[in-house]
Number of protein chains: 4
Amino acid sequence: MATQIPTPTPDDKFSFGLWTVGWQGVDPFGGATRPQMDTVHALEKLAELGAYGVNFHDDDVIPFGSDDATRDKIIARFRQGLDDTGLVVTTATTNLFSHPVFKAGAFTNNDRDVRRFALRKVMRNIDLAASLGAKVYVAWGGREGAEYGASQDTRVALDRMKEAFDVLGDYVTDHGYDLRFAIEPKPNEPRGDILLPTIGHALAFIERLERPELVGVNPEIGHEEMAGMNAAAGYAQAIWAGKLFHIDLNGQNGPKYDQDLRFGAGNVRGAFWVVDALLEGGYDGPVHFDYKPARTDDEDGVWVSAAANMRNYLILREKVRAFRADPEVQAALDAAKVPELSVPTVGDGEGWRGLLDAEPVDPDALAARGAAFEHLDQLALEHLYGVR
Amino acid sequence: MATQIPTPTPDDKFSFGLWTVGWQGVDPFGGATRPQMDTVHALEKLAELGAYGVNFHDDDVIPFGSDDATRDKIIARFRQGLDDTGLVVTTATTNLFSHPVFKAGAFTNNDRDVRRFALRKVMRNIDLAASLGAKVYVAWGGREGAEYGASQDTRVALDRMKEAFDVLGDYVTDHGYDLRFAIEPKPNEPRGDILLPTIGHALAFIERLERPELVGVNPEIGHEEMAGMNAAAGYAQAIWAGKLFHIDLNGQNGPKYDQDLRFGAGNVRGAFWVVDALLEGGYDGPVHFDYKPARTDDEDGVWVSAAANMRNYLILREKVRAFRADPEVQAALDAAKVPELSVPTVGDGEGWRGLLDAEPVDPDALAARGAAFEHLDQLALEHLYGVR
Amino acid sequence: MATQIPTPTPDDKFSFGLWTVGWQGVDPFGGATRPQMDTVHALEKLAELGAYGVNFHDDDVIPFGSDDATRDKIIARFRQGLDDTGLVVTTATTNLFSHPVFKAGAFTNNDRDVRRFALRKVMRNIDLAASLGAKVYVAWGGREGAEYGASQDTRVALDRMKEAFDVLGDYVTDHGYDLRFAIEPKPNEPRGDILLPTIGHALAFIERLERPELVGVNPEIGHEEMAGMNAAAGYAQAIWAGKLFHIDLNGQNGPKYDQDLRFGAGNVRGAFWVVDALLEGGYDGPVHFDYKPARTDDEDGVWVSAAANMRNYLILREKVRAFRADPEVQAALDAAKVPELSVPTVGDGEGWRGLLDAEPVDPDALAARGAAFEHLDQLALEHLYGVR
Amino acid sequence: MATQIPTPTPDDKFSFGLWTVGWQGVDPFGGATRPQMDTVHALEKLAELGAYGVNFHDDDVIPFGSDDATRDKIIARFRQGLDDTGLVVTTATTNLFSHPVFKAGAFTNNDRDVRRFALRKVMRNIDLAASLGAKVYVAWGGREGAEYGASQDTRVALDRMKEAFDVLGDYVTDHGYDLRFAIEPKPNEPRGDILLPTIGHALAFIERLERPELVGVNPEIGHEEMAGMNAAAGYAQAIWAGKLFHIDLNGQNGPKYDQDLRFGAGNVRGAFWVVDALLEGGYDGPVHFDYKPARTDDEDGVWVSAAANMRNYLILREKVRAFRADPEVQAALDAAKVPELSVPTVGDGEGWRGLLDAEPVDPDALAARGAAFEHLDQLALEHLYGVR
């Protein structure tokens with residue numbers, strides 16, 4: 001392949017959570033390794049690297065418990081930073097997991113007072129999100145779940161989760177906000193088992209809401225891979241369902257703690273197929289990175305890794321395009337009958353009756369045909385390796 | 001607890017796949033360790049042990065490719081066996097995975113001829129299933145999936161999967177069969193990544209069908225645990241969605257190959273909570289075991305393990321009932337505010353406006369309340385251990 | 001089984017890390033949910049509950065960076081607490097993971113200055129450990145490892161790890177301390193891949209040390225199960241190698257983040273077999289719990305969970321003893337030929353020549369014998385369930 | 001990078017198990033999809049593709065239970081095939097897992113008759129292996145293990161495993177064979193938990209043998225990754241211990257069933273680092289592939305995949321060499337202080353006393369240094385992607 005990789009520009013729609021480059025490195029076994037990062041400084045650096053947008057939890061920008069005056073001052077400065085850098089706010093979200101009040105969940109906390117507190121926190125932040133132009137409101141229910149079977153009734157928890165999204169749906173509708181919700185599934189960590197653990201569970205849940213059209217998913221590669229799922233297949237099912245409202249790209253090495261590696265630096269082959277799923281599926285929203293710069297590194301490493309996320313996406317985008325355009329690949333797809341899957345199994349007007357009446361086929365003869373997958377996959381791999 | 005465990009009776013609605021007790025022990029690294037088991041012998045032994053019903057793949061009873069005369073003879077003998085033993089046929093299913101024709105899938109095989117062959121095979125077997133009184137048609141798409149990203153377009157595969165269920169929905173409706181479908185999810189094995197890998201993915205898929213009311217799920221404990229999922233939470237979400245049409249109970253030890261241990265002999269704590277989810281959720285269908293007797297054992301071991309599945313269910317049912325009836329547990333549930341989760345977060349008629357207007361609460365004061373989960377869970381564990 | 005479970009006494013040799021009951025609940029997504037616990041208060045409560053001993057990291061007792069006067073004062077108060085409660089210090093260990101200086105490792109940090117700092121920190125704490133009577137010095141190298149292939153040369157890292165233990169071996173030998181080291185393996189978290197990830201890797205490493213006799217292992221159930229390992233089999237191999245110097249009991253639910261559930265509250269069946277491995281293998285050291293009280297709970301939950309660890313061990317110990325003493329179990333063990341494994345395969349003086357000369361056997365006849373494992377395992381399970 | 005990838009030649013020492021290209025596709029859910037392959041045909045094709053050597057289980061070449069005349073005839077034809085193609089036999093091994101006699105293990109079967117049968121089978125095959133020039137005898141104990149805690153005493157099983165290797169060590173020594181053993185670890189499948197589940201466990205076990213110098217390991221990438229292990233780190237520890245006697249390269253996607261994908265087609269990043277570990281560690285034995293051509297493919301796919309294994313190794317070898325030779329990489333390694341890890345922590349003659357006497361360092365100042373790993377890893381990734 002040509003090794004000329006484009007430089008990121010705002011047209012690529014790359015966006016970052018402020019909590020990503022701002023992560024200080026606190027983990028279960030150690031404290032911060034980097035000082036707190038000024039929000040406006042982060043905006044400036046991200047813009048300089050070619051990013052298009054940013055996202056934030058309320059508490060990323062405005063410290064929990066700030067009074068109104070402080071809040072207003074912080075928001076004004078943040079707006080100014082956006083104006084100065086040209087970055088847009090693509091999504092917003094509410095931190096419903098860091099403060100100890102949320103230790104046993106937010107929307108599905110057994111304690112009704114906590115649930116009410118959580119909903120109010122979200123509504124307040126939705127106002128801010130809308131005023132900043134966010135189009136998607138991400139909902140990661142990281143503390144909704146349980147370690148122990150008796151401590152939460154899953155069916156009742158789903159009732160409360162539904163109630164929360166129904167109320168919030170009313171809220172944005174009544175305010176006329178141009179804002180949709182994107183649920184971010186995760187199987188576990190920080191809870192033993194989190195509610196709506198995969199893309200599938202979230203998609204199914206959405207169908208039971210009062211306003212399902214307002215709610216989609218925001219799948220994160222790493223979260224899916226923590227459950228051993230094929231992330232690309234999950235993204236594809238979300239697109240198939242018309243529900244891929246936003247994406248979280250990063251890297252992970254299989255079922256273990258949430259690694260949040262920079263995009264491209266975990267399951268490399270999986271990353272290639274995620275990009276393919278996005279391009280083939282026509283996803284045109286922000287290309288968002290939700291990762292953590294290695295805790296071992298200082299601020300230089302933060303910006304190296306931020307830039308690398310975008311660069312790796314562009315590298316893979318070039319590869320995927322080259323793969324799809326390669327005549328040898330197209331021949332291999334034909335040999336593997338991949339296009340034939342688009343032909344309906346039952347003919348137009350044939351119905352089950354026609355199918356039953358059709359001439360029988362010899363299964364042994366059909367079985368003798370090789371599927372020709374090894375050659376096709378090797379071509380893909382060689383595009384990934386950059387040797388074609 | 002009382003150690004008096006009831007003996008299985010047909011009222012307990014225990015059922016077995018004929019392929020379970022009949023499994024000969026072929027695995028990827030070795031051949032059969034047990035001779036083929038006569039189907040009627042299996043019926044007799046299962047009835048003797050207290051089972052209520054049986055299930056089968058077409059090929060379990062009628063060897064693939066049998067001519068019509070042979071087929072009729074086998075079916076007649078099988079019906080006689082059912083009559084003689086009093087066992088009922090609770091579900092049926094089609095083997096769409098053993099013959100090499102299905103090596104690259106059935107309903108979603110890239111080769112249209114194979115897809116057509118598969119649908120015809122299913123329709124033929126549905127007739128038999130209906131005539132034998134089965135109420136649920138289980139659909140495990142074990143070969144639908146891929147090892148390689150390019151070999152199948154997931155979105156197109158979902159189109160074909162939908163087409164298959166739509167056609168089959170027409171088929172049973174047009175025939176007036178009293179038969180519903182239950183999709184059995186599985187994350188992988190024998191394919192690298194299987195389509196509809198978890199309960200969630202299957203539930204979401206069903207919502208896009210033409211006749212969603214005809215289709216539910218048949219979750220298997222082991223399949224969910226292979227993806228690191230909490231099986232009880234998955235069963236609960238299926239019940240919440242009104243879609244738990246059938247169940248497959250067995251045992252597994254986390255993400256590894258499909259172990260199909262007898263029920264109770266894998267994740268013991270998980271088994272307790274699955275039984276709790278079924279009882280609390282009002283599941284009243286057959287209690288079906290889909291397991292494999294250890295390949296190391298001879299036929300004696302087969303019947304020991306068959307009986308043990310039922311016994312373990314009864315043991316756990318007793319424990320779950322004792323747990324739920326224990327006043328100390330009820331006090332612990334109250335202390336953990338579990339019942340409070342049933343109270344809607346927003347008051348009747350309150351709406352988001354009322355919630356916003358309500359008196360604020362102090363998050364730090366709320367955070368100071370302990371959730372009291374350790375005590376509650378220890379009580380559950382002591383019921384499981386049988387020391388309460 | 002009799003449901004009479006004994007009450008913990010110091011004769012049971014239960015011990016706790018001070019960092020366990022003192023854990024404040026900081027995790028990657030949220031801050032402390034419990035206030036700091038006074039060390040002497042912890043001693044008093046543990047003694048009251050029936051514990052025998054305690055363990056600590058240097059920084060658990062003496063805040064990192066304390067000056068000598070403060071240090072001495074803290075130590076004096078701690079000694080007094082030990083005297084007042086009768087608790088003994090069974091092991092000690094050095095915190096080589098919390099301070100940011102250790103972000104890229106301690107004994108194997110690429111930065112030699114950090115390695116030297118780490119060794120000095122350990123030596124200082126060894127003096128304290130010895131003076132407090134600890135017999136085992138636990139070494140968990142939680143930050144030794146890498147996320148990225150290039151950032152550490154594994155072979156060179158093993159050289160440095162060996163150097164560290166060789167130097168520390170000299171140190172305790174030269175001081176005449178009655179202290180042995182126990183390496184605690186862990187596969188990952190907080191590093192992507194940790195050096196010496198399992199019991200096996202640690203045992204193998206020890207054989208290359210200058211003083212292998214001074215070094216053994218301290219396996220933690222949860223760490224082994226994070227790698228999908230059978231913890232009981234790992235403990236057994238450590239005993240077989242003469243290297244089980246200490247144990248860390250807790251609970252985990254398979255490959256995911258490090259859960260540190262209380263003992264008994266994860267893989268229940270695994271816990272039963274770990275206790276069996278310890279009793280059958282003659283382990284007679286402290287029975288140590290390395291767990292985290294649920295972050296959702298307040299201090300009441302801390303003591304509930306602390307007591308539950310001990311109670312669950314005693315419950316399982318009763319069950320294991322009952323299992324081993326049950327005549328039906330002994331018959332089942334005989335039927336499964338378990339005792340025959342103790343008979344050497346080659347007769348005394350027979351050698352390979354005699355074996356080759358012996359009468360051939362018929363493999364098909366041998367293969368026809370069932371192994372009778374299902375019955376045996378069901379008996380074990382029923383002991384676990386408490387229904388025998 | 002230059003996209004000119006060399007063509008495989010015998011100098012590259014590529015070897016294949018006959019059971020790999022000859023795999024017919026039997027899996028737990030379906031029968032053969034490919035006809036049996038003639039052994040000599042396999043030799044011819046492998047030679048044509050550029051392979052150097054082959055390996056086999058006794059039963060791969062000589063059907064189980066063949067009489068002596070048949071055996072001799074088969075061997076003569078096989079030798080002729082080797083002579084005609086110029087392929088060498090690099091290793092041999094004994095199938096101790098397919099016949100039902102081995103259903104509960106071979107060297108550690110509870111049934112002493114089976115153990116004796118197994119040892120005899122191995123000895124007979126060692127004679128053949130030696131006569132064919134094999135230098136390494138691979139020992140995969142796939143059936144040594146258990147599903148159930150009571151069915152095998154792990155410590156006694158290790159005694160029997162040790163006895164087997166001790167007897168076989170006598171056997172090859174007494175015969176003067178130039179043959180060493182290589183144990184192949186695997187965590188599970190086909191047994192629930194296999195004895196010696198990882199490289200570490202096998203290395204540790206070897207140290208307790210009578211002739212440890214005769215025994216090393218044969219790690220398989222997929223087997224290590226099934227346990228979530230970093231394969232490259234495992235290979236490195238084996239080299240560090242002087243025990244990497246042979247290698248099995250293939251592909252896997254994390255903890256699930258044993259996928260045996262062609263090398264390069266699983267964890268791509270892991271494959272890069274395995275090749276790096278082998279080249280940096282000076283491994284110079286055969287580069288052996290133990291994989292399964294996709295069951296979906298016909299014989300064309302078999303040879304495509306066989307060739308692809310070698311090609312992917314050569315691609316990665318080029319990339320690793322380019323990575324190590326890149327001046328920017330060397331600068332990044334320096335910045336990350338990777339070479340400094342080779343400097344002993346304690347100075348020559350310094351000892352622990354000198355270390356204690358040395359000038360203290362300021363941990364906060366040390367902590368402020370970034371480890372510079374993100375930049376280094378991104379360089380590696382870009383070499384892998386072929387964009388540098």
Side-chain angles (χ1 to χ4, degrees), chain C residues 99-101 104 110-117 119 148-151 153-156 158 160 163 167 170-171 187 193 197-198 200-201 203-204 207 227-230 232-233 236-237 239-241 255 273 336-338 340-346 352 355 361 363 366-367 371 373 376-377 380, chain D residues 99-101 104 110-117 119 148-151 153-156 158 160 163 167 170-171 187 193 197-198 200-201 203-204 207 227-230 232-233 236-237 239-241 255 273 336-338 340-346 352 355 361 363 366-367 371 373 376-377 380:
Chain C
H99 191 280
V101 72
N110 288 340
D111 188 331
R112 184 170 180 257
D113 288 340
V114 176
R115 299 198 297 271
R116 291 171 66 86
F117 178 76
L119 270 177
Y148 302 135
S151 61
D153 182 318
T154 303
R155 287 177 297 123
V156 179
L158 289 167
R160 289 293 80 71
E163 185 192 6
V167 168
D170 288 348
Y171 187 80
D193 295 289
T198 73
H201 296 78
L203 291 176
E207 298 294 325
M229 297 285 109
N230 180 312
Q237 184 167 348
I239 293 171
W240 185 78
W273 293 114
K337 292 181 180 278
V338 172
E340 193 173 304
L341 191 59
S342 296
V343 182
T345 304
V346 178
W352 59 261
L355 176 56
V361 292
L366 282 181
F373 292 162
L376 175 60
D377 184 61
Chain D
H99 191 281
V101 71
N110 287 341
D111 188 330
R112 184 170 179 259
D113 289 339
V114 177
R115 299 199 297 272
R116 291 171 65 86
F117 178 76
L119 270 176
Y148 302 136
S151 61
D153 182 318
T154 302
R155 287 177 297 121
V156 179
L158 289 167
R160 289 292 78 70
E163 185 192 7
V167 168
D170 288 349
Y171 187 78
D193 294 289
T198 73
H201 296 78
L203 291 176
E207 299 294 326
M229 296 285 111
N230 180 312
Q237 184 166 349
I239 292 171
W240 185 78
W273 293 113
K337 292 181 181 276
V338 172
E340 192 172 306
L341 191 59
S342 296
V343 182
T345 304
V346 179
W352 60 261
L355 175 57
V361 290
L366 282 181
F373 291 162
L376 174 60
D377 184 61

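Order of the sequence lines fixes the chain letters, A, B, ..., with proteins taken first and strands second; residue numbering starts at 1 for each chain.
- With a 4.5 Å cut-off on side-chain heavy atoms, D:Val101 and D:Phe117 count as touching.
- For the set C:Ser151, C:Pro100, C:Pro197, the entry with the most heavy-atom pairs within less than 4.5 Å of chain D is C:Ser151.
- Heavy atoms closer than 4.5 Å to chain D are found in both the backbone and the side chain of C:Asp113.
- Heavy atoms of D:Asp170 lying under 4.5 Å from chain C belong to its backbone as well as its side chain.
- Among D:Val346, D:Ile239, D:Leu119, the residue making the largest number of heavy-atom pairs under 4.5 Å with chain C is D:Val346.
- Interface summary for chain D: among C:His99, C:Lys337, C:Arg115, the most heavy-atom pairs under 4.5 angstrom belong to C:Arg115.
- D:Asp377 is linked by a side chain to side chain donor-acceptor pair (under 3.5 Å) to A:Arg262, D:Arg269, counting only residues two or more places apart in sequence or in another chain.
- The residue among D:Ala204, D:Pro255, D:Ala232, D:Gly228 with the most heavy atom pairs within less than 4.5 Å of chain C is D:Ala204.
- Within the 4.5 angstrom heavy-atom criterion, atoms from both the backbone and the side chain of D:Trp240 approach chain C.
- Minimum heavy-atom separation, D:Arg112 to C:Glu340: N-OE2, 2.6 Å.
- Contact annotation: the side chain of D:Tyr171 never approaches that of C:Leu355 to less than 4.5 Å [non-hydrogen atoms, C-beta and beyond].
- Per-residue heavy-atom pair counts under 4.5 Å with chain C were compared for D:Ala227, D:Gly149, D:Ala236, and the maximum is reached by D:Gly149.
- Between C:Asn230 and D:Thr154, the closest side-chain pair of non-hydrogen atoms is not below 4.5 Å.
- For chain C, the nearby parts of D:Pro344 are the backbone and the side chain; heavy atoms of each come within less than 4.5 Å.
- Looking at C:Leu203 and D:Glu207, their side chains never come closer than 4.5 Å, going by heavy atoms from C-beta outward.
- Remark: C:Glu163 engages C:Arg160, D:Thr345 in a side chain to side chain donor-acceptor pair (under 3.5 Å) (not counting sequence neighbours).
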